[in-house]
Chemist: 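Take a look at the following structure, please.
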Amino acid sequence: MIANVIVDVPAKQTDRPFDYRIPPLLADWVEVGSRVAVPFGNRLLQGFVVGMADVSEMNPAKLKEIGSVLDPAPPLTSELVKLGIWMGREYVCPSLLALQSMLPGALKAKYKRLAVLPDELDEDARGRMQQEDSGLYACIARKGYYDLLSLIEQFPASSAVLKRWMKLGWLEEQQTVSDRLRKKKQLAVYPTDVPLSPEALAQLARRAPRQLEVLDYLRDSSGPVLLSELIAALGISAGTVKGLADKGMLVIKQAEIWRDPYAGRQFKASHRLQLTSEQQAAYDTIKHAVQSGDAHRFLLHGVTGSGKTEIYLQTIEDCLSMGKEAIVLVPEISLTPQMVERFKSRFGDLVAVLHSRLSQGERYDEWRKIRYGTAQVAVGARSAVFAPFTRLGLIIIDEEHESSYKQEESPKYHAREVAVQRALHHGAVVVLGSATPSIETYAAALQHEQREAAASAAGERSERTLPSGSTPPLRLLTLKRRVMDRPLPQIHVVDMREELREGNRMMFSRRLYEGIAKRLERREQMVLLLNRRGYSTFVMCRSCGYVVQCPHCDISLTYHRRAGQIRCHYCGYTEKEPGECPGCQSRHIRFFGTGTQKVEEELYKHFPDIRVIRMDVDTTGEKGSHEKWLNLFREKEADVLLGTQMVAKGLDFPDVTLVGVIAADTVLNLPDFRSAEKTFQLLTQVAGRAGRHELPGEVVIQTYHPDHYSVEMAAKHDYSAFFAREMRHRQSGLYPPYSRLALITFSHPDIPVLLQTGERLIHALAEQGVSEVRTSGRVEVLGPVASSIPRIKDRYRFQCMLKYRHEPRIPEKIRAATDSLDEWLKKHQVQLSTDMNPQVML
DNA sequence: CTCCTCTATCAA
DNA sequence: TGATAGAGGAGG
């Protein structure tokens, strides 16, 4: 048998399967999806088996054998292998990267090269090695082998000797492939298979009562017990247990432990809540779709607080009872303990949770629960869309408009697109949930609705059967009302230009100021949002106008007062806060713009007794700190939760009655065609944090653009009006959904190289038939132009945007074009990457 | 990506 | 003639 293997080299030239013979000993172990170690060139590499064949096209003499199989069962399913290859094509990236991104980091290969003394080496050779370089020899001889790289490091002068020894055969090189991480092992105590004789027990009772206690404990607990647990429970020493092991009355051995990030936490079981009629209708439709066993897509458009999560929970429950599995995607930011708790309390140990705040080991074990264990529901951020289920029935994407579903590194995939691909394979249902759907999603849903309406008006039965493999239509389910018919909070828009004109120079408008004072008096809570961390956004000299910039990026530095530093938010560059202007040495250097740190300081200035929790990247760096702050806020240990967008999403606190947006314009001013959409979504989401329970809520939005439609429509809770207005904007600029985009970015330390690269790229694209064809409106090639942040980490960045409509096979053509530039790119060390359907234009 | 080979070029 | 650097290509 032959295995087709994709090897662990992330380069264009090797992005294809290589054939290997499967040795008879491994025949039962190699499957599609297996992770194997294979000889490649003169190295030993990890690889993924992507196919099996009886014969190879290759000359059989040239075939090498698979070295070993790295896992007892294949970590990838054949479906995921197929998906990885699809991703490679669709997102113009090496399939290897796609396959790797499906697995927990613990399974990323770690390579070692060892220098080994051959067993059969004669005394004579050993003697001569000893004589030639005693230090080097001693180091290797101690264990018989030693890590090659650290040898070279420790004995830099001996590298020539080392090389010669290897040539002479006195040393052999051995390469290994291993995981990043081991399965966690701990000593555990197992009962013996043979029943214990009554005499022996009687003897124990007399001579060693403590040992008898151990046996009793072991008998009462079904199965093995951890040694540490036994010692703690009975207050004995390890010696007591060891004594029993010596007598053969029990066995102590290493047992594999599954780390559980939620161990020791009690989750109160919860049950189905009564659904409103709107919820019930949506639920019924989704449930029938899951039952049908065909791929379906739904957009669940429900206002904040309309009870989307309960619908998710109940449909998952039905999905499980049909013997199928479910994936729930949640934006990283809202994967809060609250969210996890809802799933844990409904499904208990059937849930595996995957997010970035788990340690590598914890994530690995949660993943193994899905692949080999008991989990039937996966809740997690973007990459959980790859949960290795085999009977997938339902994929839910909550807050589907969130940009975090798009991975910004290669493979630049969108979880929404991957979900559809998986649903097609499994005949599963995809549910996109949001109060503020992305324009593209909503447009697709409306288009389907309109087609249905037209079809029924014409008296036709709507077409239900689709050509297999094509994306199913997106059906719209709407929840217009909040549960318990609670009103949406009242939103006040404050024009900050007006405030200034009337002499208020504070960062708080009078309305917000009074709101805060009132809440403090009433002991209610508040959420304040400012989408900028740090203290100020830029540092400028008032004498000469000099703005302090990052020396490596074209971006101004942000002042962080607590640390007394100015920092670059792109490359992490840090310097001490300047006391004088670096340009003209004037003392008139000032900090402009407002960040969360400054808001915090102002709050304390105006309300001395106020208790503020600030949440941004700077305060939530540590593991678990996110959770810690939210718990403090829940326990009413603070009046204000102040933060960047991480406070806008998914939080639910009963006593929050005021939400304040310090500056609604931060996102609006970004040079991105989605900035209005992002603003509308952010405002609507954060407004939804108020008045979710008995107490009514109030929202204050401060802005310099009170007339902008994104602000106006958000204040009126009018998604439809916003959508209609935004669609006109998209149409006039031919932006998505009126077109599709592909962004090719390339970077280099020198601008002339980039200019030449740009010319070659345009030429290469034209050769593939991708060139400016404005007349037919098929493809538009924009650029190359400098990116909106022209330099990051000392590399200038240029980009080329393709805007196309009905142009088929664009990824294929881009790949062909960029492949033809390969030589040039390699020679000049130009980095180039392609982003299909980019979410951020920066 | 990394290693190997081939070729051009230069100094002895 | 041999050494060396750089480009090009292969890797099963």
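Chain A is the first sequence line, chain B the second, and so forth, proteins listed ahead of strands; every chain is numbered from 1.
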Chemist: Is there a residue in residues 1-21 of chain A whose heavy atoms reach under 4.0 Å of DNA chain C, and which residues are they?
Modeler: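 Close to the strand are Q13(A), T14(A), R16(A), P17(A), F18(A), D19(A), Y20(A).
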
Chemist: Looking only at the side chains, is there a donor atom on one of D835(A) and Y91(A) sitting less than 3.5 Å from an acceptor on the other?
Modeler: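 No donor-acceptor contact under 3.5 Å links the two side chains.
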
Chemist: In whole angstrom, give the distance that lies between atom NZ of K826(A) and atom C1' of dG8(C).
Modeler: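 Taking atom C1' of dG8(C) as the reference, NZ of K826(A) is at 7 Å.
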
Chemist: On the nucleotide dG11(C), are OP1 or OP2 found under 4.0 Å from the side-chain N or O atoms that K62(A) carries?
Modeler: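 For dG11(C), OP1/OP2 do have a side-chain N/O of K62(A) under 4.0 Å.
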
Chemist: Relative to the ring of W367(A), is the ring of Y372(A) parallel (under 30°), tilted (30 to 60°) or perpendicular (over 60°)?
Modeler: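 Judged by the thresholds at 30° and 60°, the geometry between Y372(A) and W367(A) is perpendicular.
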
Chemist: What is the distance, to the nearest angstrom, from the CG atom on N42(A) to the C1' atom on dG9(C)?
Modeler: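 Taking CG of N42(A) and C1' of dG9(C), I get 15 Å after rounding.
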
Chemist: For E812(A), which residues count as a salt bridge (charged side-chain N to carboxylate O under 4.0 Å, His left out) partner, sequence neighbours excluded?
Modeler: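 Counting only residues at least two positions away or on another chain, E812(A) forms a salt bridge (charged side-chain N to carboxylate O under 4.0 Å, His left out) with R809(A).
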
Chemist: Which label fits H828(A) and W824(A): parallel for a plane angle under 30°, tilted from 30 to 60°, or perpendicular past 60°?
Modeler: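 Tilted: the ring planes of H828(A) and W824(A) meet at 30° to 60°.
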
Chemist: Rounding to a whole Å, what distance do you find between L44(A):CG and dG12(C):C1'?
Modeler: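 For the pair L44(A) CG and dG12(C) C1', the rounded distance is 14 Å.
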
Chemist: Specify the separation, in whole Å, of atom CG of D822(A) and atom P of dG9(C).
Modeler: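 Going from D822(A) (CG) to dG9(C) (P), I get 12 Å.
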
Chemist: State whether Y364(A) and R368(A) meet the cation-pi test: NZ (Lys) or CZ (Arg) under 6.0 Å from the six-membered ring centroid, and within 45° of the perpendicular axis.
Modeler: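 Geometry flag: set, cation within 6.0 Å and 45°.
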
Chemist: Would R422(A) and E417(A) pass as an ion pair if we require N to O under 4.0 Å?
Modeler: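 Here R422(A) does not pair with E417(A) in a salt bridge, since their nearest N and O are not under 4.0 Å apart.
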
Chemist: For the residue pair W170(A) and W165(A), categorise the inter-ring angle as parallel (less than 30°), tilted (30 to 60°) or perpendicular (more than 60°).
Modeler: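 Ring orientation, 0 to 90° scale: tilted.
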
Chemist: Check the distance between dA7(C)'s P and K827(A)'s NZ and give it to me in whole angstrom.
Modeler: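 After rounding, the reported distance stands at 8 Å.
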
Chemist: Just one of R382(A), Q839(A), H414(A) clears the side chain to side chain donor-acceptor pair (under 3.5 Å) bar with Q407(A), so which one?
Modeler: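 With Q407(A) as partner, side chain to side chain donor-acceptor pair (under 3.5 Å) holds for just one option, R382(A).
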
Chemist: Taking DNA chain C as the partner, which of residues 87-102 of chain A come within under 4.0 angstrom of it by heavy atom?
Modeler: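 When residues 87-102 of chain A is checked for heavy atoms under 4.0 Å from DNA chain C, there are no hits whatsoever.
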
Chemist: Looking only at side chains, do R43(A) and Q175(A) share a donor and an acceptor under 3.5 Å apart?
Modeler: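 Per modelled atom types, R43(A) and Q175(A) side chains form no pair under 3.5 Å.
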
Chemist: When you look for runs of 3 or more Watson-Crick or G-U pairs in a row, both distances below 3.5 Å, which of them include DNA chain C?
Modeler: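 The stems that DNA chain C takes part in, listed by first number, are B:1-11 with C:1-11.
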
Chemist: For residues 22-31 of chain A, dump all side-chain donor-acceptor pairs below 3.5 Å to protein atoms at least two apart in sequence or in another chain.
Modeler:
none

Chemist: Closer than 4.0 angstrom, basic N to acidic O: yes or no for K112(A) and D147(A)?
Modeler: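 Judged by the 4.0 Å cut-off on N to carboxylate O distance, K112(A) and D147(A) do not form a salt bridge.
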
Chemist: 5' to 3' on DNA chain B, which nucleotides open and close the contacts with chain A (atom under 4.0 Å from a heavy atom)?
Modeler: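 Going 5' to 3' along DNA chain B, contacts run dC1(B) to dC4(B).
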
Chemist: Centroid separation under 6.0 Å, is that true for the rings of Y20(A) and F40(A)?
Modeler: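 Ring-ring flag for F40(A)/Y20(A): false, centres at least 6.0 Å apart.
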
Chemist: Around atom CD of E65(A), are there more than 12 heavy atoms from other residues, nucleotides or ligands closer than 6.0 Å?
Modeler: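 For E65(A), atom CD is crowded (more than 12 foreign heavy atoms under 6.0 Å).
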
